[in-house]
Amino acid sequence: MSATARQQVLVSEQASPPTLLAKAKDYWTLTKPEVNFLVVASAFAGFYVAKQGPIVPVLLIHTLIGTVLVASGTATLNQFIERTGDAQMRRTGYRPLPSGRMAPWKALTFGLVISVAGALELSLKVNALASFLAVSTLLSYLLIYTPLKRKTAWCTFLGAFPGAMPPLIGWAAVRDSLAPQAWLLFAIVFLWQFPHFLAIAWLYRDDYRRAGLRMLPRNDDGGRFTAYEIVVLTTALVATTVLPVLFRYEGIVYLAGAVLAGAFFLREASRMLSYRTLPAARRLLHVSVMYLPLLFTLMVVDKIKW
């Protein structure tokens, strides 16, 4: 949406009070539901592979609710912190806070309430370790990753640590500990984030530059270094996804699916290196979004014993 069109919409909205549905939609937008889908998929995968017997539905429900609440609170508080920068970017300018549809204190209150609710849900209904991991994710994301986005391109590396925590939360919910196998799940999500977020950073590099965010390396206007990063880290990701089979945690169905999905992912990463265009980055982004849920689905379907 252009700046002119966005301004016309805002003027129209200001002329009439927002409906209850419109307000609810704004709160829903603050939680970033598209991100929460991947959070739920990752937490569920960690929970399922860690469970050696039948799934306990109540425990699973409490785990997912608590995790989503903390993730939603993190997303909301992040938008509260970055509302000024968001107002300078086309892709975020229409969000509830930069557009002026919601007062900052309302978003702050909402974010704090659901974050605390999620931490308590995990602490009281799951276990202290799961709650600790979720709260650590929130704090490291908001206090380390978010401010570093304005200082260094290393923010993507540091932000990948809290981003890879959901499978650990799921694992901890079942085992109340973190075995080496859990860190393998962590490594998969950790590596996956690089092609995913570097594709986003390339797509919206002008927006990020306008807002003063350093999501890409300096002196890489052509994107060659970024594209090499994508290829190298996607290769590392695909290699890591084979390890569950080597350790006999997963079977042949998982292996076949992981190899095929990985080959497709690598093809798109290679296309990004060859072309470094917006369509290539957009295609890589779409493939990355499909890849992680598919991989975890294969992991759940063909689990042997973790």
Testing Val70, Thr74, Val68 one by one against Ser72 for a side chain to side chain contact (heavy atoms under 4.5 Å, CB included), which residue passes?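 With Ser72 as partner, side chain to side chain contact (heavy atoms under 4.5 Å, CB included) holds for just one option, Val68.
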Identify which one of Leu138, Thr76, Leu139, Leu120 satisfies the side chain to side chain contact (heavy atoms under 4.5 Å, CB included) criterion when paired with Ser115.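 Going through Leu138, Thr76, Leu139, Leu120 one by one, the side chain to side chain contact (heavy atoms under 4.5 Å, CB included) with Ser115 is satisfied by Leu138 alone.
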Using the rule that two of Ile, Leu, Val, Met, Phe, Trp, Tyr join whenever any of their side-chain heavy atoms come within less than 4.5 Å, decide whether [X] and [Y] are in one cluster.
{"X": "Val39", "Y": "Val189", "result": "no"}
{"X": "Phe186", "Y": "Leu246", "result": "yes"}
{"X": "Leu191", "Y": "Val242", "result": "yes"}
{"X": "Tyr145", "Y": "Leu143", "result": "yes"}
{"X": "Ile144", "Y": "Leu133", "result": "yes"}

Is Arg83 salt-bridged to Asp86, cutoff N-O under 4.0 Å?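 Judged by the 4.0 Å cut-off on N to carboxylate O distance, Arg83 and Asp86 do not form a salt bridge.
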Would you indicate whether [X], at its atom [atom1], is surrounded by more than 12 heavy atoms from other residues, nucleotides or ligands within a distance under 6.0 Å?
{"X": "Phe132", "atom1": "CZ", "value": "no"}
{"X": "Asn219", "atom1": "CG", "value": "no"}
{"X": "Lys23", "atom1": "NZ", "value": "no"}

Please identify each residue that fulfils side chain to side chain contact (heavy atoms under 4.5 Å, CB included) with Val301, with sequence neighbours left out.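 Val301 satisfies side chain to side chain contact (heavy atoms under 4.5 Å, CB included) with Thr297 only.
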Please determine, by modelled atom types, if Arg91 and Tyr208 share a side-chain donor-acceptor pair under 3.5 angstrom.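 Judged by distance alone, the side chains do pair up.
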Between Glu250 and Trp306, do the side chains contain an N or O donor and an N or O acceptor separated by less than 3.5 Å?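 Distance-only check passes for Glu250 and Trp306.
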In terms of the angle between their ring planes, are Tyr291 and Phe265 parallel, tilted or perpendicular, with boundaries placed at 30° and 60°?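 Judged by the thresholds at 30° and 60°, the geometry between Tyr291 and Phe265 is tilted.
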Could you check whether Phe161 and Phe190 have their ring centres less than 6.0 Å apart?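 Aromatic pair counts; centres sit under 6.0 Å.
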Does some side-chain heavy atom of Trp202 sit less than 4.5 Å from a side-chain heavy atom of Met272?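 Yes, at least one pair of side-chain atoms sits under 4.5 Å.
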Are Pro96 and Tyr27 side-chain neighbours, meaning at least one heavy-atom pair lies under 4.5 Å?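 When only atoms from C-beta onward are counted, Tyr27 and Pro96 do not touch, as no gap falls below 4.5 Å.
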Indicate yes or no for a side-chain donor-acceptor contact from Thr152 to the backbone of Cys155 under 3.5 Å, with no hydrogens or angles considered.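 No, Thr152 side chain to Cys155 backbone: no donor-acceptor pair under 3.5 Å.
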Test: Lys303 cationic atom under 6.0 Å from Tyr48 six-membered ring centre, within 45° of axis: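 Yes, Lys303 and Tyr48 form such a contact.
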Report the residues that fulfil side chain to side chain donor-acceptor pair (under 3.5 Å) with Asp26, sequence neighbours left out, ordered by chain and then residue number.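 Side chain to side chain donor-acceptor pair (under 3.5 Å) list for Asp26, sorted by chain: Arg101.
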